[in-house]
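The chains referred to below are lettered A, B, ... by the order of the sequence lines, with proteins before strands, and numbering in each begins at 1.
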2 protein chains.
Amino acid sequence: MPARKQYTPVTAAIDVEAAFQLLEGRWKLLILFHLFGGQVRRFSDLQRLIPGITQKMLTQQLRRLEADGIVKRTDHHEVPPRVDYRLTDWGQALCPALDAILEWAERRDELGSAKPAHRARSGGNGRETS
Amino acid sequence: MPARKQYTPVTAAIDVEAAFQLLEGRWKLLILFHLFGGQVRRFSDLQRLIPGITQKMLTQQLRRLEADGIVKRTDHHEVPPRVDYRLTDWGQALCPALDAILEWAERRDELGSAKPAHRARSGGNGRETS
DNA sequence: CAGCATCCGAGAAGATACTG
DNA sequence: CAGTATCTTCTCGGATGCTG
């Protein structure tokens, strides 16, 4: 790898920790995916697009993403409330990086480590479609 | 192959979720960073290199990384126990992907979102150093 | 519609003690 | 040295009810 930067053990690790903190949690990536490509989504859109998320989580994560400068929130101050969300420029720049992770994940088989080990995140949150 | 895959909203999101699950948690990335470059580390090395981690966490995370095929564990069955860890080929392949995240994180200033917002991970268990 | 407030359970993480 | 076992704590995420 043509690393343009040395992996100074601890120092770099701190950076990575901080970077990944921005994306941590169960829902952040899902939300971001629905905003990629410059799409503008309303709160209810996202809620519909991400089955299983609660308002609390959606609000909470959006607030964090906003505070971190990844997402831009626009409140139209209308009387049936209308708020929409879009990625900031920086947020858009995340796209290729996530793609790199995806590509890596897919190379699992290709590189011989054929491990299923698909332990579910929460054992059984199989709640849905009443 | 550039952009060999479309960002199919939900489908891709599931992939990413699964991929990120492999790296989630407070310590996995730190551990991986100390193994990057094909380095071979003993348990005690890692413990020394990662200040603050407990044996429990180190063991637990190493086991997960091993189960996921990212890390290879070698027990030398000697009498003062000697075990070492290294990345699998697949694990090594993660390096550039993480680098992409790092690069992205660093572009924060460059792209105008000059947000400090450096809220610490642990809100108030600042229980350390005496 | 787009939240906020509150209560609750599960899992992650930490501290500590013990072992081959 | 490299763990395992147990107990406790903390944070995340879920469920529900209430507003402007």
For Asp45(A) and Arg42(A), what are the C-alpha separation, side-chain angles and deciding distance, and is it a salt bridge (Lys or Arg N to Asp or Glu O under 4.0 Å)?
CA-CA 5 Å; Asp45(A) 291 335; Arg42(A) 296 184 53 172; 5.4 Å; no
note: Lys56(B), atom NZ; dT8(D), atom P; distance rounded to Å ~ 13 Å
For the helix from dC1(C)-dG20(D) to dG20(C)-dC1(D), what is the angle between the axes at its two ends, each from 5 pairs, rounded to 10°?
50°
Please report, rounded to the nearest Å, how far the P atom of dA2(C) is from the CE atom of Met57(A).
18 Å
With respect to the phosphate group of dG3(C), does any side-chain polar atom (N or O) of Thr59(A) fall under 4.0 Å of OP1 or OP2?
no
Point-to-point distance, once rounded to the nearest 0.5 Å, from CG of Asp99(B) to CG of Leu94(B):
11.0 Å
Which comes earlier along DNA chain D counting from the 5' end, the contact point of Arg42(B) or that of Ile53(A), where each point is its nearest nucleotide?
Arg42(B)
For the pair made of CD in Gln47(B) and P in dT4(D), what is the distance, rounded to whole Å?
13 Å
Contacts of type side-chain contact (heavy atoms from CB on, under 4.5 Å), residue Gln55(B), not counting sequence neighbours:
Phe43(B), Gln47(B)
Whether Gln55(A) contacts dA15(D) is assessed here as follows: a side-chain N or O lying under 4.0 Å from the phosphate OP1 or OP2. Is that the case?
no
Short side-chain donor-acceptor distance under 3.5 Å, His76(B) and Asp84(B):
yes
For dG3(D) and Arg82(B) - does any side-chain N or O of the residue sit under 4.0 Å from the phosphate oxygens OP1/OP2?
no
Would you mind reading off the distance between Glu78(B) atom CD and dA2(D) atom P, rounded to a whole angstrom?
10 Å
Between P on dC1(D) and OH on Tyr85(B), what's the gap in Å once rounded to a whole number?
14 Å
Could you give the NE2-to-C1' distance, from His76(A) to dA2(C), as a whole number of Å?
13 Å
Rounded to the nearest 0.5 Å, what's the gap from CG on Leu35(B) to CG on Leu87(B)? Could you check?
5.0 Å
To the side chain of Val83(B), which of dC12(D), dG14(C), dA2(D) is closest?
dA2(D)
Can you find a side chain N or O atom of Arg63(A) that sits less than 4.0 Å from OP1 or OP2 on dG3(C)?
yes
Arg73(A) side chain N/O closer than 4.0 Å to the phosphate oxygens (OP1, OP2) of dG3(C)?
yes
Please report the shortest heavy-atom distance between Leu22(B) and Lys28(B), naming the atom on each side.
O-CD, 3.3 Å
Nearest-Å distance, CG (Asp45(B)) to P (dG3(D))?
12 Å
About how many Å separate CG of Leu111(A) and CZ of Arg108(A), when rounded to the nearest 0.5 Å?
11.0 Å
Rounded to whole Å, please give me the gap between NE2 in His77(A) and P in dC1(C).
19 Å
Starting at the 5' end of DNA chain C, which residue's closest nucleotide do you reach first, Asp84(A) or Trp27(B)?
Asp84(A)
Are any of Gln60(B)'s side-chain N or O atoms less than 4.0 Å away from OP1 or OP2 of dT4(D)?
no
